[in-house]
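The sequence lines fix the lettering, A, B, ..., with proteins before strands; numbering per chain opens at 1.
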There are 2 protein chains.
Amino acid sequence: MLLSNTCIYGLRASVLLASKHGDKFVTIRELSEELNISFHFLTKVLQQLTKSEILQSYKGPNGGVKLAKKASEITFMDVVISIDGNNIMKECALGMPVCSELKPCPLHDQWTAMKGNILNMMNTVSLDQLAANRHTDTLYNSYIAHARKE
Amino acid sequence: MLLSNTCIYGLRASVLLASKHGDKFVTIRELSEELNISFHFLTKVLQQLTKSEILQSYKGPNGGVKLAKKASEITFMDVVISIDGNNIMKECALGMPVCSELKPCPLHDQWTAMKGNILNMMNTVSLDQLAANRHTDTLYNSYIAHARKE
DNA sequence: TATAAATAAGATAAAATAGTCTTAATTCAG
DNA sequence: CTGAATTAAGACTATTTTATCTTATTTATA
């Protein structure tokens with residue numbers, strides 16, 4: 001998998017927050033229920049995003065979390081780096097410790113091109129774009145839809 | 001990471017085998033030393049490739065493993081599927097259980113395009129092409145080079 | 001036929017990732 | 001000031017992945 005589960009949870013929560021435009025704090029409880037993610041686990045994930053100043057949090061009644069910046073100013077990549085670190089997609093596809101233009105692994109050229117595309121996408125796509133995309137509702141209700149089908 | 005470590009070991013060993021053209025069996029011990037991978041672990045990985053009939057193995061003196069087909073007839077994808085299974089790159093980038101054209105997640109379009117490229121590459125590139133690529137030696141000696149540098 | 005060379009198989013351990021639970025700290029409202 | 005609502009922090013557990021170790025099986029050859 002390209003991104004860790006933890007990271008995916010963070011992304012889904014961030015996009016959901018972006019789709020709830022308005023400057024109010026949203027409780028993690030509410031997010032966890034809409035996203036069908038364990039409340040405690042999501043809490044941890046969002047704490048990390050708060051530390052990275054992607055989210056802002058507030059304790060106590062009427063507290064919760066919200067985006068720390070405008071959704072248009074937060075990229076997919078910001079969230080990924082905060083949670084999965086900035087080595088994402090930097091490694092060689094064959095896991096070689098030394099793989100560069102000078103000393104490329106056999107897959108170097110193909111992989112470099114693809115990495116470029118993915119990184120470019122991550123750097124370019126912002127949370128508001130994701131939130132605006134058709135079927136943002138998939139973010140939170142698909143688990144329910146899925147459950148119903150079984 | 002896109003591919004598991006186990007899978008990467010399998011790929012490196014397969015490419016190395018492909019570069020040792022000739023129909024002789026090569027011992028896993030020799031492969032493990034050239035690749036700097038634990039002998040026992042590599043043994044397990046290659047057992048899986050043998051089960052999938054990508055490799056052929058032979059016990060006893062002069063035994064070892066070799067490619068079961070011509071290197072030009074084994075794709076990168078063959079090895080990946082054997083080890084990481086065929087769900088590789090099938091999941092939604094945001095981990096949604098339902099994400100399709102009808103009900104796409106916010107990242108669906110971008111991700112579908114990139115997945116297509118990667119899958120296409122994996123399906124297209126064969127072991128002989130990888131073995132023929134410049135610096136196949138990176139496959140096995142870069143660990144040593146790396147160690148020297150430190 | 002005995003011994004050594006090899007892979008196969010399975011038990012076990014270690015490390016990383018994922019998830020749960022409890023307690024602490026903060027803040028609002030009455 | 002007290003109690004309830006909330007995030008923060010940290011201990012703990014579970015699962016998966018990675019790695020190691022031991023024993024079994026097969027095979028060549030002296």
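- Considering only residues two or more places apart in sequence or on other chains, A:Lys69 meets the side-chain contact (heavy atoms from CB on, under 4.5 Å) condition with A:Glu73, A:Ile74.
- Between B:Glu34 and B:Lys20 there is a salt bridge, since at least one side-chain N of the basic residue sits less than 4.0 Å from a carboxylate O of the acidic one.
- Here CG of B:Leu55 is found 5.0 Å from CG of B:Leu49. Values are rounded to the nearest 0.5 Å.
- As rounded to whole Å, 14 Å separates atom C1' of C:dT20 from atom CD of A:Gln47.
- Within the structure, the side chain to side chain donor-acceptor pair (under 3.5 Å) test picks out the following pairs touching residues 54-67 of chain B (sequence neighbours left out): B:Asp23-B:Lys66.
- Atom pair A:Phe39:CZ and C:dT22:P shows a separation of 14 Å (rounding to whole Å applied).
- Rounded to an integer number of Å, the gap from B:Phe25 CZ to C:dA5 P is 19 Å.
- OP1 or OP2 of D:dT7 has not a single side-chain nitrogen or oxygen of A:Thr43 nearer than 4.0 Å.
- Summarising the geometry, the separation between CD1 on A:Ile37 and C1' on C:dG19 is reported as 12 Å, rounded to the nearest angstrom.
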When you compare the protein's N or O atoms with those of nucleotides 11-17 of chain D, which come within less than 3.5 Å of each other, and at what distance?
from: D:dA11; atom 1: N6; to: A:Lys44; atom 2: NZ; distance (Å): 3.0

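- Nearest-nucleotide positions on DNA chain D for A:Ile28 and B:Asn62 put A:Ile28 closer to the 5' end.
- Residues from residues 48-61 of chain A with heavy atoms under 4.0 angstrom of DNA chain C, sorted by number: A:Tyr58, A:Lys59, A:Gly60, A:Pro61.
- As a whole-Å value, the separation of A:Leu42 CG from C:dC21 P is 16 Å.
- Every residue meeting the side-chain contact (heavy atoms from CB on, under 4.5 Å) condition with B:Ala93, not counting sequence neighbours, appears here in chain and number order: B:Leu107, B:Trp111.
- With values rounded to the nearest 0.5 angstrom, B:Ile8 atom CD1 is found 12.5 Å from B:Leu35 atom CG.
- Checking B:Asp78 against B:Thr75 by side-chain atom types alone, a donor-acceptor pair falls below 3.5 Å.
- Separating the CG atom of A:Leu3 from the C1' atom of C:dA18 is a distance of 16 Å, rounded to the nearest angstrom.
- Atom NE2 in B:His40 sits about 8 Å away from atom C1' in D:dT22, given to the nearest Å.
- The CD1-P distance, from B:Ile8 to D:dA19, rounds to 11 Å in whole Å.
- A donor-acceptor contact shorter than 3.5 Å is absent between the side chain of B:Asn123 and the backbone of B:Asn120.
- The side-chain contact (heavy atoms from CB on, under 4.5 Å) test applied to B:Thr6 returns B:Ser4, B:Phe41, B:Val45, B:Ile83, not counting sequence neighbours.
- Heavy atoms of B:Leu46 sit nowhere under 4.0 angstrom from any nucleic acid atom.
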